[in-house]
Amino acid sequence: MSTLEHLSRKLGSSDAEERREAVIDLGRTGKGAAPLLLRALGDADWRVRKTAVEGLVSFADDEVTNGLVQRLSAEDNAGARNSAIEALVQIGAAAVGPILPLLETRDPDVRKFAIDVLGDIRDARAVPGLMEKLKDPDENVRVAAAEALGKIRDRRAVDVLIGCLTANDQSWLDYAAAEALGEIGDERALGPLLAALGRSSLREPVLESLGKIGNVQTLPPLVKGLVDPLRIVREVSVVALAAVYRKSLPADHNKISDAVRSGIAAQAFPLLEELIDSSGGELQKAAIAVLGWTGRPSAVPKLLSLLRDEEMEDVVVQALRHLGTEGVSLLLGRLGDDNVLVRRVVAMVLGELGRSEAEDALLSLLDDENGHVRGAAAESLGRIRSAKAVPSLLRLLEDEYENVQECSIRALAAIGNESVLDGLLRDFTAQEAGMRRNIVRLLGRFGTERAMDALAFALKDEEPAVRKAVVIALDTIRSSQASRPLLLAITDDDPEVRMLAAEAMGKSGIPEAAEALIPLLDDEDLWVRAAAARALGRIGADRFGAVLAGHLTGASDIFLLALVDVVGSAAVREALDPLLALEGHPDPEVRKTVLHALSSYDWVRVRPVVLSRLSDPHWSVRKSATEILKQRRDPATDLLLEQLAAADPDLTVRQAARDALGR
């Protein structure tokens, strides 16, 4: 008995798990198992059908696709039909050609199923046929065609969909057309959509579509929709306003908040608060945003009451910012709130609004029991440039939490009083290592000549963490004065300091950088060697090609990967032969990186190597070779890609081969 005969018998078992195992084995057998897998689509158990879909999608040739198309007509087995639909959608573009003829079949249900699949595949080749189906005698088919055109989002459909929207007696088609026009997002639809607002049955899809198109000229009907008698219309108006804001240019953001502030009716406020209380997710967040745009101080308690968990923090902060100065007095009264999130948010917003009257209250929060509150208060005092805060901020440089220390550094830098450095530098060597590191970070924020001198001194610190902070600061400042300290740092005893210094030198533009970096290619530390290679690549790998190529033979691990990447990106001539010699390297990550590097070179030289890697034992290397061939197709490589698409043991590689073939 053959394997297929044995598995065919197992498909007839009364045990669903045994049938599922048979389908798994069929998926491993090859394309010859396709008829049995198609049969399994009609199984009574959903797990068996799902496994059959996975197997059929992995084969996905014309025979399989045509078999699946035939299953769309399976009137007596909804499970088989639905599984066929799922498989065709997963196959994607390759299924479009066989499905299109079904648009003309006599059975309206089959026409609708075909349209649904085409809409989910989202292939533009289906658009002409779908536009024709807007005139189908069956209403369900017409509506499905409009929905599918919305999913494909092809602008060729705009005019015919507008025609469906404006025609009389369209039943559900005008509703579907309004939704589809919003999905396509073409502004030609704005006028017809606005005109359709007069039809009560279309208020919901029209307002939703106006939001998706995102034009600021459509704000008045959206604001008016906030007080519509129907909750669903109020919901789509809120979401649409948030969508218009999200899609608009920053210069138009004030137009949107001003339109809400000036056009909103008084009865909208309790309706907005009711939406906030009774909804969740994106709808709730949109309602919070709109409430902020109203500019009403009375919204402050409602917004702060939402701070029961951190998930709501960002959207509440945004809303409070939009309320602006009108809510400041109410915010000041909540700085002592029992809720940590409320204290933190209020401190943050008052600083962003630049409210100097909050200075004393914010100063008291620098002693708050919660580190996040202390950090927010520090940042806000920096924003209002509070000179009174400097002594307390200096104390926070030794806070128990590093994020609070960093907030204090940013605040001191924002205040900009360089005299704070006097005491810090005078007692620098007497400070604890963590404090010395923070002083270095602060010096990096100032970036002045005095700061540069102090950083050069700190590079002699006994603690590697302090010296690392110096190199990071020098990299941030990017001053010509950084050259001498960086040249010193690449000789540091600590490998991480040398690595950071090498990275900084690659970005610095220091004339002596290349000469200093080349010796690091032989550093005892692997990561330092890799950083030096990448830094030389940033300076100009073509200038140091011979040096970089000379290290390819003896390199390993991260250093080898860095070298390959650098010489490949610049197509270094001297590196071609060493790269070709690495194509059979035992590490698949190296083989994959080598392939990408070789793709920059003359195709005649590298083509045999790329083709040989199509049979590499590791799937990721085969996938990389396949992706390279996508840009280098010819009849011979297409034949190899066909073989991979049909028979490679890895699904990812098969899909990459299909993509390379344009399926």
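Going from atom CG of L517 over to atom CD of E503 covers 11.0 Å, rounded to the nearest 0.5 Å. Here CG of L421 is found 5.5 Å from CG of L442. Values are rounded to the nearest 0.5 Å. Rounding to the nearest 0.5 Å places CG of L350 at 5.0 Å from CG of L331. Atom CG in L291 sits 4.5 Å away from atom CD1 in I276 (nearest 0.5 Å). Within the model, atoms CD of E432 and CG of L397 stand 14.0 Å from one another, a figure rounded to the nearest 0.5 Å. For the atom pair I384 CD1 and E379 CD, the distance stands at 12.5 Å (nearest 0.5 Å).
In terms of modelled atom types and a separation under 3.5 Å, the side chain of S380 and the main chain of A377 share no donor-acceptor contact. In this structure, D427 contributes its side chain and A430 its backbone to no donor-acceptor pair below 3.5 Å. In terms of modelled atom types and a separation under 3.5 Å, the side chain of R498 and the main chain of T491 share no donor-acceptor contact. Side-chain N or O atoms of R591 include one that pairs as donor or acceptor with a backbone N or O of H585 at under 3.5 Å. Judged purely by atom type and a 3.5 angstrom limit, N370 uses its side chain to pair as donor or acceptor with the backbone of H372. Listed for the N339 side chain is a donor-acceptor partner under 3.5 Å among the backbone atoms of L307. Listed for the R343 side chain is a donor-acceptor partner under 3.5 Å among the backbone atoms of D337. The backbone N or O of D522 lies less than 3.5 Å from no partner atom in the side chain of R529, so there is not a single donor-acceptor pair. R385 places no side-chain N or O within 3.5 Å of a backbone atom of G382 that could act as its donor or acceptor partner. Side-chain N or O atoms of S600 include one that pairs as donor or acceptor with a backbone N or O of G568 at under 3.5 Å.
When each of L394, L425, L455 is tested with I439 by the rule side chain to side chain contact (heavy atoms under 4.5 Å, CB included), just one qualifies, namely L425. Checked against L275 for a side chain to side chain contact (heavy atoms under 4.5 Å, CB included), the options V290, I288, V238, L226 give a single hit: V238. Checked options L561, V564, D565; the residue passing with V594 is V564 (criterion: side chain to side chain contact (heavy atoms under 4.5 Å, CB included)).
The ring-ring contact (aromatic ring centres under 6.0 Å, His included) pairs that include a residue from residues 245-283 are Y245-H253, Y245-W293, Y245-H322, where partners are two or more places apart or lie in different chains.
Legend: residues meeting side chain to side chain donor-acceptor pair (under 3.5 Å) with E313, ordered by chain and number and at least two apart, are R344.
Of the N and O atoms on the side chains of T448 and E418, at least one donor lies less than 3.5 Å from an acceptor on the other residue. Side-chain atoms of S386 and E359 form a donor-acceptor pair, as typed in the model, at a separation below 3.5 Å. Judged by distance alone, the side chains of D399 and Q405 never bring a donor and an acceptor atom under 3.5 Å apart.
A salt bridge does not link D494 to K468: none of the charged side-chain nitrogens sits closer than 4.0 Å to a carboxylate oxygen. Residues R437 and D461 are not paired through a salt bridge, judged by the lack of any N-O separation under 4.0 Å between the basic side chain and the carboxylate.
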